Amino acid sequence: MYAELGCLGYCQKVFDGIHEPDVVCQTAMISACAKCGDVDLARKMFDEMPERDPIAWNAMLAGYAQCGKSREALHLFHLMQIHDVKLNEVSMVSVLSACTHLGALDQGRWAHVYIERNRLKMTVTLGTALVDMYSKCGNMNKAMDFFWGMKERNVYTWTSVIGGLAMNGAGEKSLELFSLMKQAGVRPNEVTFVSVLRGCCVVGLVEEGREHFDSMRREYGIEPWLEHYGCLVDLYGRAGRLDEALDVINKMPMKPHAGAWGALLNACRMYKNTEMGELASRKLVELETKNHGAYVLLSNIYAESKNWDRVINVRQIMKAKGVKKLPGCSVIEVDREVHEFFAGDETHPRYNEIEVMLGEISRRLKLAGYVANTNPVMYDIEEEEKEDTLCKHSEKVAIAFGLISLKEGVPIRIVKNLRVCWDCHDVTKMISKVFNREIIVRDRNRFHHFKEGKCSCKGYW
DNA sequence: TTAGGGTTAG
């Protein structure tokens, strides 16, 4: 109970009061540590246990999965197999959740086979974890097939597919599923509406989104959260209806959060509204002093209107305040092994071959008429250097690695921690054509399926 | 044990 309240101190006190803690107590303590976010302490206790039953292993596995330590979770899963620990459907939910976060489709598929081969009980929870894994690893068709094959679906299952379709750009389809869900008599909750609103957002269905938003309170008695208001701002903003977006913020019944101002700021960048952009950026910085997005987006707004003095000014402020950007990182799975690349990262053991491939890509793309899209973002370096910097974006390095290490015809799947930049988007489109390769990129927000020179996002950003 | 959340120069 204390663990759920996040009171590790109390847990520790209770635990220390026990003279000879047995496996059950120790396992409870491991779960408690993990729930409170101290997964290292959980592991230490786990390692110090004189004997471990399958429940203890599962507690540790779930601890890693819930803390977002996905690699560690998969590593522990392999250890469990080596130690011949009996795995059940609960273990597999944690394993699948780890695969989902990593975007590790091969390992997820393998887990699916394992579940079937060992005839583990297909609970709604496990089924939902499978649907979520397939959809977030970019195989929406498989997710849908499995979804329709399920005997029972709850609000989590429906919300997962609706959100998955939205992430994959299939907004209309996600709304169709939402009506089927209601027909099936499953009552949507707050999270379901977040997914529905995102579905409207990715295809620009403004009026329909507004209607769903209004129906929350009217038909279900659900009070919208900050997140729903954020989606609404995004919905109006991306459609270019900036005044209405600002109106949503001004009329929110609670204090607008960073998400709302951030959505507006992004819309201001898209539609080049410097004045409102300055307001949004100022508000954002008030809420989160070290928010890099606030500065970067504002600087991009100035850069696009070639207001270099202000660009320099924003960057100086960033420097003075010590605002740092999260490094871009792309992940690709080859032979069930996850490879991680950072921007300009040259540490991979096969980096020499990767560099040759990057050269080859550059040569073949130039032949096909590619010109680097360097202008708006980087103001203070030479053209050639700009191109070089863009060439080293983590997703490009990961794609190059995919090209040298995956068999011809196998789609290249990348998971990125940030949004894909415009240049990488253009380049990936061209690679998909020039190298005749399907490339699927999951960025922090959604999927881009590149094929024959086109992307499934159709320019929605 | 399962569903989401606004953005981004290196």
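Below, read A as the first sequence line, B as the second, and so on, with proteins coming before strands; counting in each chain starts at 1. In this text the structure is predicted, and so the values were computed from the model without any measurement.
Interatomic distance, A/His449 NE2 to A/Arg413 CZ, rounded to the nearest 0.5 Å: 8.0 Å. Taken from CZ in A/Phe213 to SG in A/Cys200, the straight-line distance is 12.0 Å, to the nearest 0.5 Å.
Computed from coordinates, the A/Asn291 CG to B/dG5 P distance equals 17 Å when rounded to whole Å. In this structure, the CZ atom of A/Arg269 is 11 Å from the C1' atom of B/dG6, given to the nearest Å. Between the CG atom of A/Asp443 and the P atom of B/dT8 there is a distance of 8 Å, given to the nearest Å. Rounded to whole Å, the distance from CH2 on A/Trp225 to P on B/dG6 is 13 Å. Atom C1' of nucleotide B/dT8 and atom CG of A/Leu298 are separated by 13 Å, given to the nearest angstrom. In this entry the distance linking CG of A/Asn58 with P of B/dT1 reads 11 Å, nearest Å. Atom CG of A/Leu226 is separated from atom C1' of B/dG4 by 13 Å (rounded to the nearest Å). Atoms CZ (A/Arg446) and C1' (B/dT8) sit 17 Å apart, rounded to a whole Å.
Side-chain proximity of A/Val191 to the nucleotides B/dG4, B/dT8, B/dT2 is greatest for B/dG4. For A/Ala258, counting side-chain heavy atoms from C-beta on, the closest listed nucleotide (B/dA3, B/dG6, B/dG5) is B/dG6. Between B/dG6, B/dT1, B/dA3, one nucleotide has an atom nearer to the side chain of A/Val93 than all others, and that is B/dT1. The A/Thr128 side chain lies nearest to B/dT2 when the options are B/dG6, B/dT2, B/dG4. With B/dT8, B/dA3, B/dT2 as the choices, the nucleotide that has an atom nearest any side-chain atom of A/Asn300 turns out to be B/dT8. The side chain of A/Arg444 approaches B/dT8 more closely than any other nucleotide in the set B/dT8, B/dG6, B/dG4. You'll find that the side chain of A/Lys136 is closest to B/dA3, out of B/dT8, B/dA3, B/dT2. The listed nucleotides are B/dT8, B/dG4, B/dT2; the one nearest the side chain of A/Thr125 is B/dT2. Checking B/dG4, B/dT8, B/dT1 against the side-chain heavy atoms of A/Val90 singles out B/dT1 as nearest.
For the residue pair A/His112 and A/Tyr134, a side-chain donor N or O sits within less than 3.5 Å of a side-chain acceptor on the partner. Between the side chains of A/Asp132 and A/Thr100, no donor N or O sits under 3.5 Å from an acceptor N or O. No side-chain donor-acceptor contact under 3.5 Å links A/Arg310 and A/Asn313.
Dashed line: the shortest gap from a side-chain N or O of A/Arg198 to OP1 or OP2 of B/dG5 is under 4.0 Å.
Residue A/Ser94 is classed as having no contact, given no heavy-atom separation below 4.0 Å to the nucleic acid. Residue contacts for A/Gln66: at a heavy-atom cut-off of 4.0 Å it reaches the sugar-phosphate backbone alone, with no base atom in range. A/Met318 comes within contact range of at least one nucleobase, with a heavy-atom separation under 4.0 Å. Counting any heavy atom pair closer than 4.0 Å across all strands shown, A/Leu284 reaches a base atom.
For A/Asn189 against B/dA3, a side-chain N or O and a base N or O form a donor-acceptor pair under 3.5 Å.
With hydrogens and angles disregarded, no donor-acceptor distance shorter than 3.5 Å links the side chain of A/Arg442 to the backbone of A/Lys416.
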